[in-house]
Every structure is written in structure tokens, then in C-alpha cells.
Amino acid sequence: MTLEDVVCIVGPTGTGKTAAALGLAERFGGGVINYDSRQVYRGVPLVTAQPTSEEQTQCPHWLYGFMEPVQAIDAGLFSHLAESAIGEAVQRGLLPLLVGGTGLYLDALLYGLAAIPDVPSMIRQSIQARYDTMGGEALHAELQTIDPQYAAKIHPNDRQRITRALEVFETTGRVLSSWHAEQNPQPRFNHLKIGLHMDLDELTPRLALRIDMMLKGGAVAEMKAAYQKTPMPNAPGWTGIGCMELIEYIRDRMTLEQAKSLWLRRTRAYAKRQLTWFKRDPEIHWFDPADVAAMGDLVAKYFKR
RNA sequence: GCUGGGGUAGCUCAGUCGGUAGAGCAGGGGACUGAAAAUCCCCGUGUCGGGAGUUCAAUUCUCUCCCCCAGCA
């Protein structure tokens, strides 16, 4: 069985991935599939920088704004959904263009995940509770005895990874590093990664400008309406940068100025983490974000289209 | 003008019973295998407002000057 061709557009937030994707879609007859963990949520298209409805009419789009804010998404669910979206696009004769910023989701999709079953919420909750009462040191020490290999890789303060490792062990009776070891790293698609490169100094003013544009475009009203429908500050859909700050403002816990400056700082820090993540990926071909023609030439050459 | 509180890292501040100083945030670097726009790790020399005095030694005590804040005039 031959692998499907897919183009992945990567890079930090705010570099113009949407524009590049639309350019490539036009040239090759493509369909855009989202791999951004926050743009899947309904009700906040502006704040999460989803493609506008105008942009979405230019070619078919998948996986934008379809989840309810109370629903949680994770790499496994995403990978599953994206796989079928790719299938649909191919069936329609379109070149799938994966666009987004969640590196983990892209890896999960391209290389697959270990077949770890879902963790029952009872188990998750009890481990969370133990972390709260006993602390990271104690649970890390516990992990050290059951899975020294994985424990060595993570820090006692890393609550998320420690509790994940323990809950997987409790659920499956197997240790996380053994699950990971059985994975085969074969790609599941014939993929080409195109990176839009921009360093932080250049990106920062663009991010600030984008926040201003979002606010001018009605971001507060959008968030207010969405929050009224789902008035839970901790809903999974509200964990995106921008949402959290605007909710604080809406709930009168912050001035708009405070919300704005926090929003920018966190966006910038996020962009930096993305840069770090993508920087180490040798598969990525880096481009000037504006040079869509050069990206297209590489796509043409690589896939002989 | 008077009284009180301040002037310490880019910002907000802690501290030194006298032996030249440290947190949070910001910033820089990094990790990342089912919460990932998450979670986490590493990196801190700065005329301790200026000047003078006491002292072996002052950012720390004293005096003085400058600046900020609050209150009183």
C-alpha cells in the first residue's frame, strides 16, 4: 500500500501559515486540514485565529471550530479525526495541506501513537488527588521504582508527565516506557514539511498587531458570547491564549490593558516554544514566509505534481 | 514648607542585627510520545539614588543633597 501524499505547513503562530496554505491550495488543488489544538473549538474563531469564513470558501477546510468547548481533545482523538479528514480530501482529489501549530499533534498523526487504552477518569482523578496531597517528589520517587527509564527523563515538578505515567501504569499494568518502546517509527504518510521561518524579534510586533486587530474585530464580544453559552472558566475550549485573558477581563478580574499585555506575553512565549520544537526537526524545509512560490516549487518537485 | 514612607536586576519588591545581595515577572537557552495555545528544566554583577562621615570594612549606621509617593499646610 502506498502512502498518501500530504503537505505539512509548520512554524510559530503568526507567521502567515494560513496565507501560504491558501496559495498552495490554489496551485495544486488542495484541501486544508487543521492540526492546531485550540482552533478546533467552536465559538472563538477570531481569538484562536482560525481562517476566516471568507478564507474557508477558497478551498475545503477540515477540523476548524467543530468541537464544543466542554469537550476535551487530545493527540489521540485528533490523530483519528485528521486521518479521516485526509481520507476525505484525497477521495475528492485534493492534496491534503496540514496547517497548524501543535507539534505533538502533527507527530502523532504522521508517526502514530502507542496503542495505550484510555485512562478511566476515576484513576486519573485519584492520581491527581495523590499528587495534590503527596507532592511531586513523592510521586516521582514512586515512578522511579516502577519505571526508572521514564522517571529519569522527567522532573519531579512536571505534574503532567508524572501523573500521565502513573495513570497509564495503573490502567494497563504496563509502564509507559515499554508502551513507547513497542512503537514503530514508520511514517504513515508520504509527507513533506514546509516551515515558515521568522525569528522572535520580527515576530513580536506582528503578534502585538494581531491582538490589536482581533480586539478591533470584536474579540471581546465574541468571547463574551461564547462564555455566556459555556460559563465555565476551566472548560477545555477556553484554555487557549487570549481566551483565558479575555475571560478574566469579562469577569472583571483584570483591566483590558492587563489582559492585552498578558495575552501578548503568553503568545510570544508560546511562539518561542514552537520555535524550539520545530527547530530540532530535521525533516522541515524552511522558507521565507512570503515566498509561497518557492514552497510551491518544492511541493511540485517532491510530489511530481 | 512640614511630617511620614520610599529610592536595590528591564519591572514589582525582599534582604543584609556592618563583611559588596536574591525572589517573582520579563528576557535568553532547552526539554517535550494521548492535558501540548499545556507542562517543565537551566541561566541573576546590579555605581543596592549622589556626596561626605564613623569603621579594618558601609548597600546596611550617621549627616547632607537630589528624586518619587501619601498626608498636613
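What you see is a predicted model, and the numbers here were worked out from it, not measured in a lab. Residue numbers start from 1 in every chain, and the chains themselves are labelled A, B, ... in the order their sequence lines are given, proteins ahead of strands.
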| task | Using whole Å, report how far CG of A:D147 lies from C1' of B:U33. | result | 13 Å
| field | B:U33 and B:G28, which share atom name C1', separated by this distance in whole Å | value | 27 Å
| message | Distance check needed: B:C40 P versus A:Y150 OH, whole Å only. | response | 14 Å
| request: Looking at every strand, decide which applies to A:S261 at a 4.0 Å heavy-atom threshold: base, sugar-phosphate, or nothing. | output: nothing
| When you check the phosphate oxygens OP1 and OP2 of B:G27, does a side-chain N or O of A:K272 lie under 4.0 Å from one of them? | no
| note | Under the rule of Watson-Crick or G-U wobble with both distances under 3.5 Å, where | means paired to another strand and [ ] a crossing pair, RNA chain B maps to (((((((..((((.....[..)))).(((((.......))))).....(((((..]....)))))))))))).
| query | B:A35 P sits how many Å from A:F78 CZ, rounded? | reply | 14 Å
| task | Would you mind reading off the distance between A:D107 atom CG and B:A31 atom P, rounded to a whole angstrom? | result | 13 Å
| Can you say whether the rings of A:Y105 and A:F78 are parallel (under 30°), tilted (30 to 60°) or perpendicular (over 60°)? | parallel
| request: Pick the P atom in B:C13 and in B:G6, then give their distance to the nearest Å. | output: 12 Å
| query | side chain to side chain donor-acceptor pair (under 3.5 Å) with A:E222: which residues, sequence neighbours excluded? | reply | none
| query | Where each residue is assigned the nucleotide of RNA chain B containing its nearest heavy atom, which of A:A114 and A:L200 is assigned the position nearer the 5′ end? | reply | A:L200
| Non-hydrogen side-chain atoms of A:R251 and A:Y227 separated by less than 4.5 Å | yes
| Can A:H155 be classed as stacking with the base of B:C41, given a centroid separation cut-off of 5.5 Å and a plane angle cut-off of 30°? | no
| said: Looking at B:G27, I'd like to know if its phosphate oxygens (OP1 or OP2) sit under 4.0 Å from a side-chain N or O belonging to A:R268. | reply: yes
| How close or far is atom P of B:A31 from atom NZ of A:K153, stated in whole angstroms? | 12 Å
| Is any side-chain heavy atom of A:I9 closer than 4.5 Å to a side-chain heavy atom of A:T18? | no
| field | Distance between C1' atoms of B:A14 and B:U8 (Å, rounded) | value | 10 Å
| request: Please state the C1' separation for the pair B:U54 and B:U64 - nearest whole angstrom. | output: 15 Å
| query | If the C1' atom of B:C56 is compared with that of B:C41, how far apart are they to the nearest Å? | reply | 44 Å
| task | Please report the C-alpha distance between A:Y111 and A:H191 in whole Å, then the side-chain angles of each, then the deciding distance to 0.1 Å, and finally whether the ring-ring contact (aromatic ring centres under 6.0 Å, His included) criterion is met. | result | CA-CA 11 Å; A:Y111 290 100; A:H191 61 270; 5.6 Å; yes
Output one line per pair: protein atom, nucleotide atom from nucleotides 36-39 of chain B, and distance, for all N/O pairs under 3.5 Å.
| residue | atom | partner | partner atom | Å |
| --- | --- | --- | --- | --- |
| B:A36 | OP1 | A:R38 | NH2 | 3.0 |
| B:A36 | OP2 | A:I73 | O | 3.2 |
| B:A36 | OP2 | A:Y105 | OH | 2.3 |
| B:A36 | N6 | A:R161 | NH2 | 3.4 |
| B:A36 | N1 | A:R161 | NH2 | 3.3 |
| B:A37 | OP1 | A:S37 | OG | 2.2 |
| B:A37 | OP1 | A:T102 | OG1 | 2.7 |
| B:A37 | OP2 | A:T102 | OG1 | 3.3 |
| B:A37 | OP2 | A:Y270 | OH | 3.2 |
| B:A37 | O2' | A:T239 | O | 3.1 |
| B:A37 | N7 | A:D36 | OD1 | 2.7 |
| B:A37 | N7 | A:D36 | OD2 | 3.4 |
| B:A37 | N6 | A:D36 | OD1 | 3.4 |
| B:A37 | N6 | A:T48 | O | 2.8 |
| B:A37 | N3 | A:I241 | N | 3.2 |
| B:A38 | OP1 | A:R266 | NH2 | 2.6 |
| B:A38 | OP2 | A:R273 | NH1 | 2.2 |
| B:A38 | OP2 | A:R273 | NH2 | 2.9 |
| B:A38 | O2' | A:Q160 | NE2 | 2.5 |
| B:A38 | N1 | A:R161 | NH2 | 3.1 |
| B:A38 | N3 | A:Q160 | OE1 | 3.0 |
| B:U39 | O4' | A:Q160 | NE2 | 3.0 |
| B:U39 | O2' | A:D158 | OD1 | 2.5 |
| B:U39 | O2 | A:R161 | NH1 | 2.7 |

| query | Linking I/L/V/M/F/W/Y whenever their side-chain heavy atoms sit closer than 4.5 Å, directly or via other members, would A:V44 and A:M254 fall into one cluster? | reply | no
| query | What distance, rounded to whole Å, do you find between the two P atoms, one in B:G24 and one in B:C65? | reply | 39 Å
| query | For A:Q71 and B:G34, what is the distance between atoms CD and C1' respectively, to the nearest whole Å? | reply | 17 Å
| task | Please tell me if the side chains of A:C8 and A:L192 come closer than 4.5 Å, counting only heavy atoms from C-beta onward. | result | no
| message | Would you measure the distance from the P atom in B:C43 across to the matching atom in B:G51 and give it in whole Å? | response | 34 Å
| message | Does A:R164 reach a base, just sugar-phosphate, or nothing at all? Heavy atoms under 4.0 Å. | response | base
| In Å, rounded to the nearest 0.5 Å, how long is the span from OG1 of A:T102 to OH of A:Y35? | 8.0 Å
| request: Can you sort out which residues in residues 124-132 of chain A have a heavy atom within less than 4.0 Å of RNA chain B? Ascending by number, please. | output: A:R124, A:Q128
| query | Whole-Å distance between B:G30 P and A:D281 CG? | reply | 15 Å
| Looking at residues at least two apart in the chain, or sitting in another chain, which of them share a salt bridge (Lys or Arg N to Asp or Glu O under 4.0 Å) with A:R130? | A:E142
| query | On a whole-Å scale, what distance lies between the P atoms belonging to B:A73 and B:G49? | reply | 32 Å
| message | Please report the distance, rounded to the nearest Å, between CD in A:Q258 and P in B:C11. | response | 19 Å
| Set of residues satisfying ring pair (Phe, Tyr, Trp, His ring centres under 6.0 Å) with respect to A:Y64, sequence neighbours excluded | A:H61
| Ignoring hydrogens and geometry, is there a side-chain-to-backbone donor-acceptor pair from A:E55 to A:T52 under 3.5 Å? | yes
